[in-house]
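Report on the following structure.
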Amino acid sequence: WLHSFLGGIQMNINKYRLIVKAIELKNLSKAASELGYTQSGASHQIKSVEDELGIKILQRDRSGTKLTTEGKLLLPYIREAISCEDKILAAANSIIGMQIGSLKVGTFTSVSLVLLPIVIGQFHQLYPKVQIEMLTGEGSYPEMEQFLLEGITDCSFVSGDCSQRGLNLIHLFDDSLCLVLPPKHPLAFQDSPIMFHQLSDVPFLMPTDGNNIDILHLCRTYDFTPSVAFTMHDDLALLAMAENGLGCTILPKLILNNYPHKAAIKYLEGYPTRSISIATRIDKVPSPIVSTFLELTQKIICQRPDLTK
């Protein structure tokens, strides 16, 4: 009977999952394909929801699929319904020993490249029937927080103190922010930390807006105006450009210690760091799957200090 009950829940909630996926992808056809619907089947599911509620939820135009005004008002409740279903499925399947469900994790580049493959690998060995989705967006810290606050993710890796935003933070480690220089740059041979004023004439490789929060904070702190030569989104691309003599940049040690390169890595004055935490919402009790993921993440960081030192 439990299998039949759970199947009935999923049939209803899957319509809501289709709506959310269509909004995320801005395309109903792509959402249908990703969730295993035909185009006509997806259209029928959306229409059945709209007929049940008596409200037009989605509209399509040249810019893609988007919410109507009424749909925007319903979206938080739709996400909550999906979240509740996941909790019911997780709890019920724990009872019958299946331990299936889903987990959505918000993460930025350095964590997704270095830490998450290890965490998810071990988690999957323990719970092979749990579907894990990593959401990176543009990879900025504020975006990870917003994913969580809007119910898009179950937990998110964040940096800095965002507890005032209604998030519960579990501090994981402090990550050094280091200067990256071409291997033969004169400053590469300096033993002492590099002072910011020494970089005034060095071409600077700047991450894109939203991904440069740490650097902008350092610029304000040390009254430093970088001579920006290039702007790029990806940390590894910035590392490669510095390695090939195109300028200097500032990157987290989490990346620098775990990817091979020939660039010169130097400490900066003040030995700046960023604080890495994993966050959940204060107003929501984490599901058993989320709680297990949080515990495993902390355990792996304790067991693998080489990753974060």
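Keep in mind that this is a model prediction, so the values were computed, not measured. Worth knowing before you read on, the calculation uses all heavy atoms, side chains too, and leaves out hydrogens, waters and symmetry mates.
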Heavy atoms, side chains only, cut-off 4.5 Å: are Pro193 and Tyr271 in contact? yes
Check the pair Thr280 / Val290 against side chain to side chain contact (heavy atoms under 4.5 Å, CB included), numbers first and verdict last. CA-CA 9 Å; Thr280 56; Val290 174; 4.2 Å; yes
Under 3.5 Å, side chain of Asp234 to main-chain N/O of Ala237, donor-acceptor pair present? yes
Does either side chain, that of Lys284 or that of Ser83, offer a donor lying less than 3.5 Å from an acceptor on the other one? yes
Between NZ on residue Lys262 and NZ on residue Lys184, distance to nearest 0.5 Å: 10.0 Å
Polar side-chain atom of Ser159 near backbone of Ser275 as donor-acceptor pair, under 3.5 Å: yes
Working to the nearest 0.5 angstrom, can you tell me the gap between Leu115 CG and Arg304 CZ? 9.5 Å
With rounding to the nearest 0.5 Å, note down the distance linking CE in Met144 to CD in Glu138. 9.0 Å
Pairwise side-chain contact, Leu103 with Glu133, heavy-atom cut-off 4.5 Å (strictly under): no
Heavy-atom side-chain contact between Leu179 and Cys248 under 4.5 Å: yes
Is it true that, when you exclude Asp283 itself, more than 12 heavy atoms of the residues, nucleotides or ligands shown sit nearer than 6.0 Å to its CG? yes
So, Lys21 and Glu24, do they make that salt bridge, N to O below 4.0 Å? yes
How about Met241 and Leu205: do any of their side-chain heavy atoms sit closer than 4.5 Å? yes
Rounded to the nearest 0.5 Å, how far apart are CG of Leu148 and CG of Asp154? 8.5 Å
Carefully, step by step, assess Phe157 and Ser277 under the rule side chain to side chain contact (heavy atoms under 4.5 Å, CB included). CA-CA 6 Å; Phe157 287 89; Ser277 302; over 6 Å; no
Val180 versus Leu239: any side-chain heavy-atom pair under 4.5 Å? yes
Separation of Glu243 CD from Leu238 CG (nearest 0.5 Å): 12.5 Å
Between the main-chain N or O of Ser29 and the side-chain N or O of Ser33, is there a donor-acceptor pair closer than 3.5 Å? no
Check whether any side-chain N or O of Gln198 sits under 3.5 Å from a backbone N or O of Met195 as a donor-acceptor pair, and report yes or no. yes
Regarding Tyr267 and Lys253, is there a side-chain donor-to-acceptor distance under 3.5 Å anywhere? yes
Nearest non-hydrogen partners of Pro142 and Gly210, listed with the distance: CD-O, 4.4 Å
Side-chain H-bond candidate by donor/acceptor type, Tyr141 with Arg274, under 3.5 Å: yes
For the backbone of Pro207 and the side chain of Asn211, can you confirm whether one donor and one acceptor N or O come within less than 3.5 Å of each other? no
Can you list the residues that meet the side chain to side chain donor-acceptor pair (under 3.5 Å) rule with Ser156, with sequence neighbours excluded? Thr153
Please tell me if the side chains of Val202 and Ser227 come closer than 4.5 Å, counting only heavy atoms from C-beta onward. no
Who are the side chain to side chain donor-acceptor pair (under 3.5 Å) partners of Asp86, not counting sequence neighbours? Arg17, Ser102
May I ask you to decide if Ile118's main-chain N or O and Gln122's side chain share a donor-acceptor pair within less than 3.5 Å? no
Considering residues, nucleotides and ligands other than His171, do more than 12 of their heavy atoms fall under 6.0 Å from its NE2? yes
Enclosure of Lys87 NZ (heavy-atom neighbours >12, cutoff 6.0 Å): yes
If you measure from CG on Leu172 to CD1 on Ile301, what distance do you get to the nearest 0.5 Å? 4.0 Å
